[in-house]
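What follows is one structure encoded as structure tokens, with my remarks underneath.
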Amino acid sequence: MLLSDRSAFSVKEAYKTLRTNVMFSLPGKDSKCIGVVSPERGDGKSSVSINLAISFAQINKKVIIVDCDLRLPTIASKLGIEAKPGLSNFLSGNQDSEQPLIRRSSEYGIDIMTAGDIPPDPTALITSRQMDAFIELLKKYYDYI
């Protein structure tokens with residue numbers, strides 16, 4: 001379930017606490033990139049990522065979610081948005097210039113870059129120089145990635 005005004009008080013407070021803990025644990029002003037990972041499928045990485053982003057947006061922070069799960073992406077489906085094009089298309093240079101890569105959710109106040117098409121070698125894209133350059137570019141426009 002996504003964080004909203006209708007969420008239970010305890011859920012809202014849990015995400016506020018998580019947001020505060022994340023903010024205080026970041027080592028400096030340039031630390032804007034937060035990774036949510038787990039060893040198992042279905043642990044809730046996507047839900048936590050989305051809800052944490054919404055929580056930051058609620059305090060007027062400019063936030064983008066970048067779905068880096070290029071094997072089993074779920075961010076797009078959870079937010080009910082078009083999955084393609086996305087990160088893999090951008091990094092591989094395989095995108096239609098007519099389609100937006102970053103989508104805005106006015107309902108939640110966040111921007112989203114979906115994973116895009118499933119590439120043959122996700123690791124090569126995620127560890128590429130293009131990915132590093134992309135994250136550095138996002139840091140110029142967003143408070144949190």
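This one's a predicted model, so the numbers in the text were calculated from it and none came from an experiment.
Evaluation of the salt bridge (Lys or Arg N to Asp or Glu O under 4.0 Å) test over residues 33-56, restricted to residues two or more places apart or in two chains, returns none. Residue pairs satisfying the salt bridge (Lys or Arg N to Asp or Glu O under 4.0 Å) criterion with at least one member in residues 67-89, sequence neighbours excluded, are listed as follows: Lys84-Asp117. Residue pairs meeting the salt bridge (Lys or Arg N to Asp or Glu O under 4.0 Å) criterion with at least one member in residues 47-59: none, sequence neighbours excluded. Residue pairs that meet the salt bridge (Lys or Arg N to Asp or Glu O under 4.0 Å) test with at least one member in residues 124-141, sequence neighbours left out, are Glu136-Lys139.
Judged by distance alone, with hydrogens and angles left aside, the side-chain atoms of Ser55 form no donor-acceptor pair with the main-chain N or O of Asn51 at under 3.5 Å. Checking side-chain atoms of Asp143 against main-chain N and O of Val63 turns up no donor-acceptor pair under 3.5 Å.
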**Request:** Dump the intermediate steps for side-chain contact (heavy atoms from CB on, under 4.5 Å) on Ile110 and Ile65, then the final yes or no.
**Result:** CA-CA 8 Å; Ile110 58 175; Ile65 295 177; 3.8 Å; yes

**side-chain contact (heavy atoms from CB on, under 4.5 Å) evaluation trace for Leu3 with Gln58** = CA-CA 10 Å; Leu3 199 58; Gln58 289 172 341; 4.1 Å; yes

**Message:** Go through it in stages, so that I can follow the logic: the residues are Met23 and Tyr144, the test is side-chain contact (heavy atoms from CB on, under 4.5 Å), and I'd like the CA-CA distance, side-chain angles, deciding distance and then a yes or no.
**Reply:** CA-CA 10 Å; Met23 289 171 70; Tyr144 293 100; 3.7 Å; yes

**side-chain contact (heavy atoms from CB on, under 4.5 Å) evaluation trace for Ser105 with Ile112** = CA-CA 7 Å; Ser105 170; Ile112 305 106; 3.8 Å; yes

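Nearest heavy-atom pair, Pro73 versus Ala115, reported as atom, atom and distance to 0.1 Å: CB-CB, 3.4 Å. Closest heavy-atom contact between Ser47 and Tyr15: O-OH, 4.1 Å.
A single hydrophobic cluster is not seen to contain both Ile75 and Ile118; linkage of ILVMFWY side chains at heavy-atom distances under 4.5 Å, directly or through other members, places them apart.
Counting only heavy atoms from C-beta outward, the side chains of Leu2 and Leu79 approach each other to under 4.5 Å.
Summarising the geometry, atom CG belonging to Leu26 is positioned 5.5 Å from atom CD1 belonging to Ile34; distances are rounded to the nearest 0.5 Å.
Residues forming a side chain to side chain contact (heavy atoms under 4.5 Å, CB included) with Ala76 (at least two apart in sequence, or on another chain): Ile81, Ala83, Thr114.
Applying the 4.5 Å side-chain rule to ILVMFWY residues, one finds Ile64, Val66, Leu70, Leu87, Leu91, Leu101, Ile102, Met113, Leu125, Ile126, Met131, Phe134, Ile135, Leu137, Leu138, Tyr141, Tyr142, Ile145 in the same cluster as Phe90.
The residues Asp111 and Arg104 are annotated as salt-bridged, a charged nitrogen and a carboxylate oxygen being separated by less than 4.0 angstrom.
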